[in-house]
There are 2 protein chains.
Amino acid sequence: MRDKATSFDIAYMAGVSQSTVSRALRNSPQVNKETREKVQAIARQLNYKVDKNASNLRQQRSSTLALLLFEDPTTDESLINPFFLSMLGSITRACAKRSQDLLVSFQQLSDDWHADYEDSNKADGIILLGYGDYKDYEEKLHKLLAQETHFVCWGAEVLGHPEFTLRSNNREGGRLAGEHLLATGHKKFAFVGNASEGSPEFSARYLGFIDALNKAGISAAQVPHFDAISTESAGDKATEQLLAGRHQVDAIFCASDLIAIGVMRCLKRRNLRVPEDIAVMGFDDIPVASFATPALSTIQQDTTQAGELLVNNLLQLINNQPITVSQIEPKLIIRQSCGFNRT
Amino acid sequence: MRDKATSFDIAYMAGVSQSTVSRALRNSPQVNKETREKVQAIARQLNYKVDKNASNLRQQRSSTLALLLFEDPTTDESLINPFFLSMLGSITRACAKRSQDLLVSFQQLSDDWHADYEDSNKADGIILLGYGDYKDYEEKLHKLLAQETHFVCWGAEVLGHPEFTLRSNNREGGRLAGEHLLATGHKKFAFVGNASEGSPEFSARYLGFIDALNKAGISAAQVPHFDAISTESAGDKATEQLLAGRHQVDAIFCASDLIAIGVMRCLKRRNLRVPEDIAVMGFDDIPVASFATPALSTIQQDTTQAGELLVNNLLQLINNQPITVSQIEPKLIIRQSCGFNRT
DNA sequence: CTGAAAGCGCTTACAG
DNA sequence: CTGAAAGCGCTTACAG
């Protein structure tokens, strides 16, 4: 078995006290330069690493953030939403930049959350990520609040604490989608995605979409709306309904790319061409969007920026610093699924 | 500020010693049932959680595993290989099952690895994941070995320690691919993917592919081979080369799905139909595979099983238990990109 | 600039 | 079955 060196070993070898070793290793300015260099050289040589548990215990903080990715239990378990995976990537990188470790955990929305990360001092704060019905976890959010846990979350609003939430300007995103569909010459629109109270992000996208249509003289009443959670199969099923209803539709705005993929699959099965017969617009810009045929036009959410803001805001919270409410600005990505501008 | 309860607070409230509290909370059989229940009730009531840092420090282990996802620096940074993302998901779940926390970190292959997770007692062991050139990190693997770090890795073999590696039976997978391409009536084959020493997994897939072709009387010399790392753009470029060389090819076996997606994109751009003109076969079965048009036939690697084995093996290693060399059995997934069986 | 000492919150041998 | 005590490896006020 290997025996790890401790600060006492180094102290012995350097001929100084253990306190001095600790100070030297933390680059304390009050330790003599030569002493510091000697100590650091020995530490390197012994491949010494500060014991995190001891250090954390003593300092009462962990330099670790926890990421809770929760999934809607109705979702196909094997397929984690690619959008969150991409967020995970950027959060990881953002943590590395700020020298934080990242504890990752997937949770079912229905689970009794293991949100005890902070209580057990494993993490200094928590990042919450996940679609799913907002109402389902509102209660849990408030429990976190009551426990004074430091947390930050994507999408869902925490009543009374807008600063804890980061999200895209979804309404603006919906507007961009609507404008593009209009600019590409479409006339009869539909929306696919849950736009109820339980899905604040989807609702905002819907509202923005309607904003754009209104400007063109189209009212919300003229836009059929089909519910779908953010999965491919939900998009597929919603499209079956739409088609069965014999609506006159030449453009569908989907609340997420995953839904859009499902919509396109259904359309293809029913021998409808995209974009010639029906245009399809997504939201998120997940990797599949560009691989789809035709490539999916969509509204991009900048996950790199989102990850960094999430991490930075959480760190501010932990350090009792103020944070400002901010939003990610969505961006229109034009590919092939909506045809070309006719303006 | 909230003040966290300690085991002393509980001891005081329960009228017992702190040692008894500790024992009761860990369900020690030697503590009186009533005492135990009383203590646990109070702990629940105070929302008490054992301080992980203190507990780990005392026990000299962390119940935490670290996952190092390293990427080839040449790869597009924003697009993490979906196959590894899916592994990440299953590893997370496997960790949860075994009550382990998971620390996640992305590393560039070129970085000075932050593989000091175990040295600093943050994790009891490390899981290594990543494509990229094997030779580049062989040295690093041996450093881990020298430090007696507990680790397990996907794909790449650790010389002298086959038990540390888990991977698919890649050769068998290649064989399945070859057989399917043969069964669907194809005659002129090509392979796209690095099959050099630096890519042991891709090489094995190539070899298995050739095994199958040999049985049908086709020699390796008749199969043109184009290098590509595991990205879409590499697959696209390799296909341009293939087409420029005017090879007579009616089927391409790609070392990964990402490569296959790139190959199909190039084929489409060059107005070649899949599978009518050229069949395309992938490897991995990442989510995009089923979304592609035509849907990609591929060799599936069972990531759920892989994740569990990786975690279980690592835990065995940590506990000084023996582990057996095992392989994931690949599975042929027939979709549309190779046409239909003609046998 | 450096050292001796206290203490973070647990777990566990030891004694009873 | 329970308690008093030691100790895991650090960091940091305190004293010099």
For dT2(D), does OP1 or OP2 lie under 4.0 Å from any side-chain N or O of Gln18(B)? no

Can you check the distance between dG16(D) and dT12(D), where both ends of the measurement are the C1' atom (answer in whole Å)? 16 Å

Cut-off 3.5 Å, side chains only: do Gln100(B) and Arg98(B) have a donor facing an acceptor? no

How is Ser22(B) classified with respect to the nucleic acid when contacts are heavy atoms under 4.0 Å: base, sugar-phosphate, or nothing? base

Any luck finding a side-chain donor-acceptor pair between Ser90(B) and Thr303(B) under 3.5 Å? no

Between atom CZ in Arg36(A) and atom P in dC1(C), what is the gap in whole Å? 9 Å

Between Glu34(A) (CD) and dC1(C) (P), how many Å, whole number? 11 Å

Leu57(B) has an atom CG; how far is it from atom C1' of dC8(C), in whole Å? 9 Å

How far does the P atom of dA6(D) sit from the matching atom of dT2(D), given to the nearest Å? 23 Å

dG3(D) OP1/OP2 closer than 4.0 Å to side-chain N/O of Ser17(B): yes

Can you tell me if the side-chain N/O atoms of Tyr48(A) get under 4.0 Å from OP1 or OP2 in dC10(D)? yes

OP1 or OP2 of dG9(C) under 4.0 Å from side-chain N/O of Ser7(B): no

Sugar-phosphate, base or nothing in reach of Gln30(A), heavy atoms under 4.0 Å: base

Could you tell me the Watson-Crick or G-U partner of dC14(D), where both distances fall under 3.5 Å? Say none if there is no partner. dG3(C)

If only side-chain N and O atoms of Thr35(B) are considered, is one of them under 4.0 Å from the OP1 or OP2 phosphate oxygen of dT2(D)? yes

Of the options dA4(C), dC1(C), dC8(D), whose atoms approach the side-chain atoms of Asn32(A) most closely? dC1(C)

Do other residues, nucleotides or ligands put more than 12 heavy atoms under 6.0 Å from the CD atom of Gln321(A)? yes

Against the side chain of Gln59(A), the closest entry in dC10(C), dT12(D), dA13(C) is dT12(D)

NZ of Lys122(A) versus P of dG9(C): gap in Å, rounded? 17 Å

Looking only at the side chain of Gln60(B) (C-beta and beyond, no hydrogens), which of the listed nucleotides dT2(C), dC10(D), dC8(D) gets closest? dC8(D)

Using a cut-off of 4.0 Å on non-hydrogen atoms, how would the nucleic acid contact of Ser19(A) be classed: base, sugar-phosphate, or nothing? base

5'-most contact on DNA chain D (nearest-nucleotide basis), Thr6(A) vs Arg23(A), goes to Thr6(A)

Of the nucleotides dC10(D), dC14(C), dG9(C), which has the atom closest to the Ala54(B) side chain? dG9(C)

Do Glu163(B) and Asn313(B) meet the criterion of a side-chain donor-acceptor pair at a distance under 3.5 Å? no

What contact category does Arg26(A) fall into here, base, sugar-phosphate, or nothing, at under 4.0 angstrom with non-hydrogen atoms? sugar-phosphate

Considering the options Asn121(A), Asp124(A), Asn53(A), which one meets the side chain to side chain donor-acceptor pair (under 3.5 Å) requirement together with Ser62(A)? Asp124(A)

Ignoring the backbone of Val16(B), work out which of dG3(D), dT2(C), dC10(D) is nearest its side chain. dG3(D)

Can a donor-acceptor pair be found between the side chains of Ser19(B) and Ser22(B) at a distance below 3.5 Å? no

